[in-house]
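Because the structure is a prediction, the values reported are computed rather than measured.
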Amino acid sequence: MIRIEHLVKSFGPLEVLKDISTEVDSGEVVAIIGPSGSGKSTLLRCINLLEVPTAGHIFVGDVDITSPKCDILKVRQNVGMVFQHFNLFPHKTVMGNLTYAPMKVRGLSKADASKIAMDLLNKVGLAEKADQYPSRLSGGQKQRVAIARALAMEPDVMLFDEPTSALDPEMVKEVLDVMKALVRTGITMAIVTHEMGFAREVANRVLFLDGGYLVEDAPPDVFFSAPKSDRAQQFLEKVL
Amino acid sequence: MNLDFGQIIPSLPFILNGILVTLRFTVLSALFGFALGTLLSLLKISNIKPLRWFAEFYTSIFRGTPLILQLALVYFATPQLIGYKITPIEAGVFTFSLNSAAYSSETIRAGIMAVDKGQREASMSLGVPYRPMMLDIILPQAFKNILPALVNETIALLKDSALVSTIGVLDLMRRAQVVAGQTFLYFEPLLVVGVIYYVMVMGLTQAANVLERRMRRSD
Ligand SMILES: Nc1ncnc2c1ncn2[C@@H]1O[C@H](COP(=O)(O)OP(=O)(O)O)[C@@H](O)[C@H]1O
Ligand SMILES: [Mg+2]
């Protein structure tokens, strides 16, 4: 579903991603972990071209999104993203947040978009908040709305950038539960997270980044019980 | 000091009709100026350098010269340059719109920059193209942030509109001068239009306060 070949990303002289290659199969869930500043967000943001790769190739489905001929907007419609700080549209209701892009971008009628939206709000347990503005919601509720908003485009791939890091501890679980339910639907997911228990439970594979290098790429039981590299061992000692 | 308002009472309807002239002039200039200012602000944040240069140059011209000079140039030079006999009110609205656009483009640009960049990223990640992203997501939030500044800009326009009296528009200011010329009373008509300007500015300020409070309630 996603194939990354020799990806390099620099910001000016600073090389943030160094020759990263990996693959994510359709329906696979990968957890991306690593210390702060190691390039996790940048890697994720390259997959929907919020950051433009400096070198290398990224394929989403059959499309080389790094090719100049690629239609970026089309790629983004197919790759949903959930942000640490939710980024809901504050001037639109929950319903407005969910129906805006499907109507504007996919050209759905209001009725069709609302139907999809209501369906998703039911799934994330927030149907009764449809007419509220985001400022009225708790952090956990905001993030669940943000997940539903991304899903409303019916993407094949979902990217999560530390979706629970900005939440009060008591709200983490409700968001992780929604994500677990999503895993069961078989959608392809890449999740940057510091929730090691969650990564271990849901991920098919763990990518460990350090200093811009993809240091380990292993199934969670292997990675968490017997990390190969010193750096991963040190990291796990600190966080577990 | 003896004031004689009695003598100007017959001229009051004439003066009061100037309110409409001044208001219409201000509203038109504010609307055109706002639309053009929005366009300029988008040029200023564009990735295309010549567009940015043009917008910056444009702004510096209108900020760097006196408004009354711009007004005179447009009014007196247009017939000479393109052979079109421009009316005073056209020259006024045209100049004030261009001038106001220069100032408000700065305000609007700042308002756009102040919108959280996550809003842009969220729109982009949903595949929303640039135009609807700006029109539906970024600009509404930017305008909300800068509403007080835009009201101040409109108030400045309203007061500066008195300058069009110099090219013969029969606005409030000009009507006061006409009445003064007819009655040889200067203080009274000027005082009357002074009060009218003041009341209009206060009204605008109040309306803006109400609007702002209502918007604040929605978030
Ligand atoms: N837009 C940017 N401009 C310059 N440097 C950036 C930018 N975005 C990220 N970086 C740098 O790239 C490195 C990796 O950042 P990031 O991908 O956000 O790390 P992580 O998500 O793992 O904490 C950091 O050193 C960060 O300062
Ligand atoms: Mg990050």
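Interface remark: Leu49(A) contributes no atoms to any contact with chain B (heavy atom separation under 4.5 Å). Neither the backbone nor the side chain of His85(A) comes within contact range of chain B; no heavy atoms are under 4.5 Å apart. Within the 4.5 angstrom heavy-atom criterion, only side-chain atoms of Gln141(B), from C-beta onward, approach chain A. If you measure heavy-atom distances from Phe86(A) to chain B, you find no contacts under 4.5 Å at all. Only the side chain of Val105(A) has a heavy atom closer than 4.5 Å to any heavy atom of chain B. For Phe89(A), the parts lying near chain B are the backbone and the side chain together; criterion is any non-hydrogen pair under 4.5 Å. Of the two parts of Pro129(B), the backbone and the side chain both hold a non-hydrogen atom closer than 4.5 Å to a non-hydrogen atom of chain A.
Contact between Pro35(A) and Ser38(A) at its shortest, heavy atoms only, is O-OG, 2.6 Å.
Taking NZ of Lys44(B) as the start and CD of Glu106(B) as the end, the distance is 3.5 Å to the nearest 0.5 Å. The CG atom of Asn87(A) sits 6.0 Å away from atom CD of Gln119(B), with the distance rounded to the nearest 0.5 Å. For the atom pair Glu5(A) CD and Ile58(A) CD1, the distance stands at 10.0 Å (nearest 0.5 Å).
Contacts with chain B were tallied for Arg45(A), Arg106(A), Lys74(A); Arg45(A) has the most, counting heavy-atom pairs under 4.5 Å. Between chain B and the residues Gln77(A), Lys104(A), Gln84(A), the largest count of heavy-atom pairs under 4.5 Å involves Lys104(A). By number of non-hydrogen pairs under 4.5 angstrom with chain B, the leading residue of Arg149(A), Met153(A), His91(A) is His91(A).
Side-chain atoms of Asn48(A) and Ser125(B) include no donor-acceptor pair closer than 3.5 Å. For the residue pair Asn99(B) / Gln70(B), a side-chain donor-acceptor distance below 3.5 Å is found, with atom types taken as modelled. Side-chain atoms of Thr164(A) and Gln143(A) include no donor-acceptor pair closer than 3.5 Å.
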